Amino acid sequence: MPDYDIIQVGYGPVSEALALMLGRQGRRVAVCERWRERYPLPRAVCIDHELYRVLQAIGLENALPRVTQPGPVYQWFNADWKELLAIDWSKPSISGGVEVNFVHQPTLEQALDDAVRQQSSVDLYLGCEVITVEQGESGVVVTLREDGVDERQLSAKYVIGCDGANSLVRSTIGSGQEDRGFEADWLVIDVRLKSGVTIEELGIPAAGQYCNPERPTTIVPAGISGDRIYRRWEFMRLPGESAQELESEAKVWELLSPWAGPAQVELIRHKIYNFRSLMADKWRDGRLLIAGDAAHVMPPFMGQGMCAGLRDGWNLAWKLGLVLDGRADDRLLDSYQTERQPHVRQLTNLSIYLGKMICVPDADAAAERDRAFFEGTAPPPPDFPHLTDGLLYRPDGDALQPGAGLLSPHVTLEHEGRTMRLDAFDGGGGFLLFTREIDPATAMDALSCLPLRAVRLGQGDGTVRDLDGRIDDFLDEHGWAGMIVRPDFYVYGGAADAAAFDRLALALADDLAAAGVRLFDLTTTEIS
Ligand SMILES: O=C(O)/C=C/c1cccc(O)c1
C-alpha cells in the first residue's frame, strides 16, 4: 500500500488549492516543496468569477472579500490616451459577482495554506526537493532531498507536478513543449499605496494598458490585504535596452514618476519577467500528471495564468476522486488533457492577441494598429473559451449539443426556508440534476452510483427557488426543462422535456462508462 493517494510536487497557489480540494475529500496527500517559506511576493493579480466561485466552494468564502477588489473596466489606450478597446470586467457575471476580481496573491496564498493545514489527511514536506519520480505498476516512488542533505522516499498512487515552468514531473513524463511564439521581457513593479493615497490622486486608469510605443505600460490593481491597497505597473523592455539598466531602482522610480513617487507608494518588489506562450504536449503518463505552469504558460495580459492552473486542479480533483474511490478506472484521467488543453489554447490565443496589441515599440506599427481599431478593421479578440471536448453531451453521437460545455450559472437558493449558495446545497459536490416540472427519478436511477444531487426548481414541496433567476434564465435561453451539470460546474447537457431528460442521463452514463466509470448494468433501466 503506497504511503499516500497523491503526492503533489510544488506548493504554489495551484498546488495549495488542489491540496485543499483533495484534503476536503479526505484523500491522503503529501505536498513536497523545495523551499521552506512560501514565495512572499505577488505574481498573479486576477481571479475571474469562475475561480472565485471555486475558491468559495472549497471553503475560502470568508477570506476572499479580504483579499480581492472587484475589477473595473479594463481599458486599452493609445499613446494619446484614446481608448482602443475596453473589456468590461465590472459587469455581473454568470457566477454572481463581477467578471474579474483583483487579488493580493500572497494574502490569498496565506488563506489557502491556513486551510490546507486544517486538513488532517494532508502532509506538507517543506524544504524537500523532489529529485526523482519513478512509476511502477502499482504506484510511484518519489525521492526527496531534505534541506539539500538527507534523502528519503515517499510513495503514492499518483503524482501531480505543480512544479512550475521548469517542471521535473513534465520532463519525467517526457512531454515536449509547443512554443506558440510570443516572447517579451517586461519589468513588473508592485507597490503598496501609502495611507490615504487614492487612485484618483495618482491620475491613473482603474485598470489599463497604455499602448504607447515609446514605452508600452500596464497599470492595474493588485488586490488588497485588510486596509492596504496594492497596485501593479509593468513596463516593456525596449529593443536595445539591457535588463540590468531596466531593473535598477533608480530606473523604477523614473518609470513610475509620471504617476507616483516615494511620497505616494512603497515599493514592494520589481523584477523582469520573460512573458512566453508554452504548451506541454503530454499532460499525463500513467500515474504522473502535470498542472498549472508545468503544463502551460501564457502572456499575462488577460490575467488568466493562475486561473488556468486553478481550473486544471478543479478538473482533476473530481476525476481523481472517482478513481481513488474505485468508481472509475484511470482512463477517466485521459479526459483531463482532452478537456483542459483546448481551453488553455484558446485563452493563450486571447492573451497573445492582447500581447501583440501592446508589445509594439515601433511608432509606425503603433499608428497602423490605432487606425485599425478606430476604423473598426482590427480583427476582434478571440472569444473567452468554454469546454469543447471531453465528457459533454452529443445527442446524435457527433456534434456537441449547443449549451454543452458552458459554465453553468451560480446562484443563491432558497430551500425549506433557508438560503444557501448553490455549491453548498445538499452538502455540495457531485453532479447536479436541475429540473423544472420534470421528475428526475429515472435519471437519478440511471446515475445512482455517482455522487449526485437533484435540484428541483419550482415553488412546491421539495423544490428549491433560484433567488437570482440565473438558472431559470439559462434554461429558458436554451429551451430546456432540465440540465445536468458536472462537479466542476460545466454543463454536460440539457433537455427540453422529461423523455429527453432521461435520454440525457443515459447518455451521460454511457459516456462515463466509456471513460472508465463503473456503472451498474444499464440494460436493466427502462427509458420511455
Ligand atoms: O493575474 C495575472 O496573472 C495577470 C494579471 C494581469 C492583468 C492585467 C494586465 C496584466 O498585464 C496582467
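Values in this document were obtained by computation on a predicted structure and should not be read as measured data. All ligand and atom numbering here is 1-based and tracks the order in the structure.
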### Message
Quick check on Gln304 - does any of its heavy atoms sit under 4.0 Å from an atom of ligand 1?
### Response
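Flag not set, Gln304 not near ligand 1.
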### Task
Say whether Tyr74 and ligand 1 are in contact under the criterion: heavy-atom distance to a ligand atom below 4.0 Å.
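Tyr74 counts as a contact of ligand 1 under the 4.0 Å cut-off.
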### Query
Would Arg180 and Asn349 satisfy side-chain hydrogen bond (donor to acceptor under 3.5 Å, both in side chains), going step by step from the backbone distance to the final call?
CA-CA 9 Å; Arg180 308 289 312 286; Asn349 292 344; 2.6 Å; yes
### Task
Please report which non-hydrogen protein atom sits nearest to atom 12 (C) of ligand 1, along with the residue it belongs to and the distance in Å to one decimal place.
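For atom 12 (C) of ligand 1, the nearest protein heavy atom is Pro300 O, 3.1 Å.
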### Message
Among all the protein's non-hydrogen atoms, which is closest to atom 7 (C) of ligand 1, and how far away is it?
### Response
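For this ligand atom, the closest protein heavy atom is Cys46 SG, 3.7 Å.
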### Within reach of ligand 1, part of Val45 (heavy-atom separation under 4.0 Å)
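The part of Val45 near ligand 1 is both the backbone and the side chain.
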Check each atom of ligand 1 against the heavy atoms of [X] and keep those under 4.0 Å away; list them by number with element.
{"X": "Thr218", "answer": "9 (C), 10 (C), 11 (O)"}
{"X": "Phe301", "answer": "11 (O)"}
{"X": "Val220", "answer": "8 (C), 9 (C)"}
{"X": "Gln209", "answer": "9 (C), 10 (C), 11 (O)"}

### Axial cation check for Tyr230 ring with Arg192, 6.0 Å and 45° limits
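Output no; distance or angle outside limits.
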### Pairing of Asp334 and Lys319 as salt bridge, 4.0 angstrom limit
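No, Asp334 and Lys319 are not salt-bridged.
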#### Entry: Shortest heavy-atom approach to atom 11 (O) of ligand 1 - which of Arg232, Glu234, Gln105
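The residue whose heavy atom sits nearest atom 11 (O) of ligand 1 is Glu234.
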#### Entry: Option set Gly303, Pro299, Cys307, criterion heavy-atom distance to atom 4 (C) of ligand 1, minimum
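It is Gly303 that holds the nearest heavy atom.
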Are the side chains of [X] and [Y] in touch, meaning some heavy atoms are under 4.5 Å apart?
{"X": "Leu320", "Y": "Ile160", "result": "yes"}
{"X": "Gln341", "Y": "Val344", "result": "no"}
{"X": "Ile47", "Y": "Leu108", "result": "yes"}

### Query
Does the side-chain contact (heavy atoms from CB on, under 4.5 Å) test come out yes or no for Tyr210 and Thr218, once each step is laid out?
CA-CA 6 Å; Tyr210 184 36; Thr218 300; over 6 Å; no
### Query
Do Phe431 and Trp318 have their ring centres less than 6.0 Å from each other?
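Between Trp318 and Phe431, which both carry aromatic rings, the centre distance is below 6.0 Å.
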